[in-house]
> 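The structure that follows is given in the form of structure tokens.
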Amino acid sequence: MTDLLLTNARVIDPEAETDRLGSVMIRDGVIAEVIYGEAPAPGRVEMIDCAGMCLAPGIIDIGVKVCEPGERHKESFRSAGDAAVAGGVTTMVIRPDTEPAIDSPEILEFVHRRAVADSKARVLPMAALTKSRNGREMAEIGFLRDAGAVAFTDCDSVIEDNKVFGRCLTYANALGALVMGHVQDPSLSIGAAATSGALASKLGLPAVSPIAERIQLERDMAIVEATGARYHIDQISCAAALPALRRAKKAGLRVTAGASIHHLTLNELDIEGYPTFFKVKPPLRNETDRIAVVTALAEGLIDIISSMHTPQDEESKRRPFEAAASGAVALETLLPAALQLVHAEMIDLPTLWQKLSLNPAKLLGLPSGRMATGAPADLVLFDPDKPFVLDRETLRSKSKNTPFDGRRMQGRVLRCIVGGKQMFEGNS
Amino acid sequence: MAFSARHLLGIEQLSVPDIQSILDLADQYVDFNRKSHKHSDALAGLTQINMFFENSTRTQASFEIAGKRLGADVMNMAMAASSLSKGETLIDTALTLNAMNPDLLVVRHPHSGAVDLLAQKVKCAVLNAGDGRHEHPTQALLDALTIRRAKGRLHRLNVAICGDIAHSRVARSNIFLLGKMESRIRLVGPKTLMPSGIDQFGVEVYDDMAKGLKDVDVVMMLRLQKERMDGAFIPSEREYYHRWGLNAEKLALAKEDAIVMHPGPMNRGVEIDGEIADDIRRSVIQEQVEMGVAVRMAAMDLLMRNREVPSGRGVMV
């Protein structure tokens, strides 16, 4: 494979927490050298002048829904992979909440085959923790792990039975497997389309209190403590959940937490007028909650940012708000939306890339996510300031359900490199 | 400036002059409706379709009579409950209706915001006859007309709205309307049936009915849905009646000339004592039904007049 030298770049190194001019040499699909200061003399290598733009490890996105098997009309590995690399996502860690669920080694094998054939981005599958995500029978965690499942989760289907949940955690832990959970008490959150409060009351929407998140988190932490399992919380979205998370981490539990890009950048005021593209799960919170979650992210209490990419077709969204499907596509908007937090000076670029790349890599034991010699050359080159107005019709996802349609955003991906190969080049 | 919108979707979007113009015209229709010959050609040649995705006898009948008295061709489409679960039929239905060229759609739907959604998709005027827990604008307007005729004004009154506020679109529309008219609103009922964040609505909230009814001009009772016992909102009908049902003793705390209202249908012995409901000196419940027809005639008449306004003007949604 030819060598590639990326020069004159603002190199974002989340591990060293640095952001400075340098060059990156790629050889055989891995980072051969990161050189700061003067650019190396041009040799017999292909060179790209990055013109002072940002070069960072590619995003590792935990919790992407690709709708294969079952709903390929909403999203396929091809369309999701195209959207991913256009958004700077080099690894999609995909959710098992498909139809049928990814709950057997046979289905995992199918997914693997499809992903390899069609996706420009790397794909790492998660598998269901219980069969059909029904919360009753444990999935074949051992077989699934051998077949390549990197984590186990029933996604937004919460295992209510404490015995079942405890045994799943115990069994998974014995295999060293990571479990990811959704912390919303189902008896409270069932049917909810909004967060309870004056706005939901005015709109007349069924609503859930943020307390549902705290209740489920407290239960999960008790069982994590009892079993010693490794546990990742998919989404923290409100202030009410933060004290329990802080206590759990302080007590040394092996717990990490994520936040979705939508809860970090949008608030409930957006649902006025019933636009269903803003219906996500858990529902958008108020501005106080959003600020609390962003602060927890900057402080390190929340480890990971995810897109929670959830394609929905027009049919399932063009309904009355409470009857419409939840979720939003986000692979292509994750980076510019996350940069809003940088432009608002709530977080700096190296810290942001800890949340987008380094911490997800650490959680899953991946060598990527770093700007270091020997790490896979999964890189994204982007202009952090480039302004644009998002037009949902330009998205590469088959589904266009983005809440950012028509919004002014900043930050464009210029190139995306996966394993040393350029998989995307945008218009500068 | 008279009411000039294309649709009537909620009270929230209306201005005070909008409300006054609807009520003023409705007053004229009250007199009209009391004549022996009650037929106008105001809506002659126009097609009105009543689409009720939720069962209703009274409201649907009221809209039907209102349309017929104005000379419209009125059609009732019974939307089967089974088609509801397939939400996409709402859009499909809208497209189908467009092709039939109606002039006015009167819509009731169990989901909040569904009527707004429909209004975005059809070419004709849409009148909200109740959407989920959101709004029921003609009910608030008929209540306002009833109050205005009984009290001579809508401002600086003390109005108590009592009962299941959380699940009530009637309460929401009345809160918006009476708030715009600068009346003082009290909400009376169990805390479990109050919507969250209600303190931000510019109202006073009372758990104790005796305190809530003290010196009010208007007592507005709401229907208690029987299924509220299931979700543990209240323990029993008899305890509810004891604490929040309107009887003579509690009514005595209100002003001597206070009027009693109820949007119907009533649960006698649950939220209201039967004798109070029938007491023609206090209860205006029958008058509310009469005002309902007049208000709906006025609203439909104005919407159809606005329809003739060249496009680009008067669109408010």
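Keep in mind that this is a model prediction, so the values were computed, not measured. Sequence lines set the chain letters: A, B, ... in the order given, protein chains first and strands last, and positions in each chain run from 1.
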> Checking heavy atoms, do the side chain of L117(B), its backbone, both or neither come under 4.5 Å from chain A?
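For L117(B), side-chain heavy atoms alone lie under 4.5 Å from chain A.
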> Surrounding CG of D391(A) (heavy atoms of other residues, nucleotides or ligands, distance under 6.0 Å), is the total greater than 12?
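Yes, enclosed.
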> Could you walk me through whether K202(A) and E12(B) pass the side chain to side chain contact (heavy atoms under 4.5 Å, CB included) check?
CA-CA 10 Å; K202(A) 192 187 85 168; E12(B) 197 191 0; 2.8 Å; yes
> Under 6.0 Å from the CZ atom of R223(B), do we count more than 12 heavy atoms belonging to anything else shown?
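Counting other residues, nucleotides and ligands, CZ of R223(B) exceeds 12 neighbours.
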> What closest approach, in Å, do Q200(B) and A198(A) show between heavy atoms, and which atom pair accounts for it?
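Reported closest heavy-atom pair: OE1-CB, 3.5 Å.
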> Would you find more than 12 non-hydrogen atoms of other residues, nucleotides or ligands less than 6.0 Å from E99(A) atom CD?
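For E99(A), atom CD is not crowded (no more than 12 foreign heavy atoms under 6.0 Å).
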> Look at S112(B), G197(B), S168(B) and state which one has the largest set of heavy-atom pairs under 4.5 Å with chain A.
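Most heavy-atom pairs within the cutoff with chain A belong to S112(B).
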> Please answer whether the main-chain N or O of P195(B) pairs with a side-chain N or O of S201(A) as donor and acceptor at a distance below 3.5 Å.
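It does not hold such a pair.
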> What option among S196(B), A114(B), A166(B) has the most heavy-atom pairs under 4.5 Å with chain A?
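If we count pairs closer than 4.5 Å to chain A, S196(B) comes out on top.
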> Step through the shown structure and confirm whether more than 12 heavy atoms of other residues, nucleotides or ligands are within 6.0 Å of CD on Q120(B).
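Enclosed.
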> Which distance, rounded to the nearest 0.5 Å, do you find between the NE2 of H134(B) and the CG of L205(A)?
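The NE2 atom of H134(B) sits 8.5 Å away from the CG atom of L205(A).
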> Can you see which heavy atom on E322(A) is nearest to which on P110(B), and at what distance?
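Reported closest heavy-atom pair: OE2-O, 4.3 Å.
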> For atom CG of L269(A), decide whether the heavy atoms of other residues, nucleotides or ligands shown that lie under 6.0 angstrom number more than 12.
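Enclosed: over 12 neighbouring heavy atoms sit under 6.0 Å from CG of L269(A).
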> Give a yes or no on this: more than 12 heavy atoms of other residues, nucleotides or ligands lie within 6.0 Å of atom CZ of R214(A).
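No - once you tally the heavy atoms of other residues, nucleotides and ligands closer than 6.0 Å, there are 12 at most.
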> Compute the ring centroids of Y274(A) and H111(B), then answer whether they are less than 6.0 Å apart.
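No.
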> With chain B, which of G197(A), S196(A), A193(A), G273(A) has the greatest number of heavy-atom pairs at distances under 4.5 Å?
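Heavy-atom pairs under 4.5 Å are most numerous for G197(A).
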> Answer yes or no: does atom NZ of K191(B) have more than 12 heavy-atom neighbours from other residues, nucleotides or ligands under 6.0 Å?
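Check passes, neighbour count above 12.
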> Testing R318(A), E314(A), E315(A), R319(A) one by one against I91(B) for a side-chain contact (heavy atoms from CB on, under 4.5 Å), which residue passes?
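Option passing the side-chain contact (heavy atoms from CB on, under 4.5 Å) with I91(B): R318(A).
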> Is E135(B) close to chain A through its backbone or its side chain, or both, or neither, when contacts mean heavy atoms under 4.5 Å?
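Neither the backbone nor the side chain of E135(B) comes within 4.5 Å of chain A.
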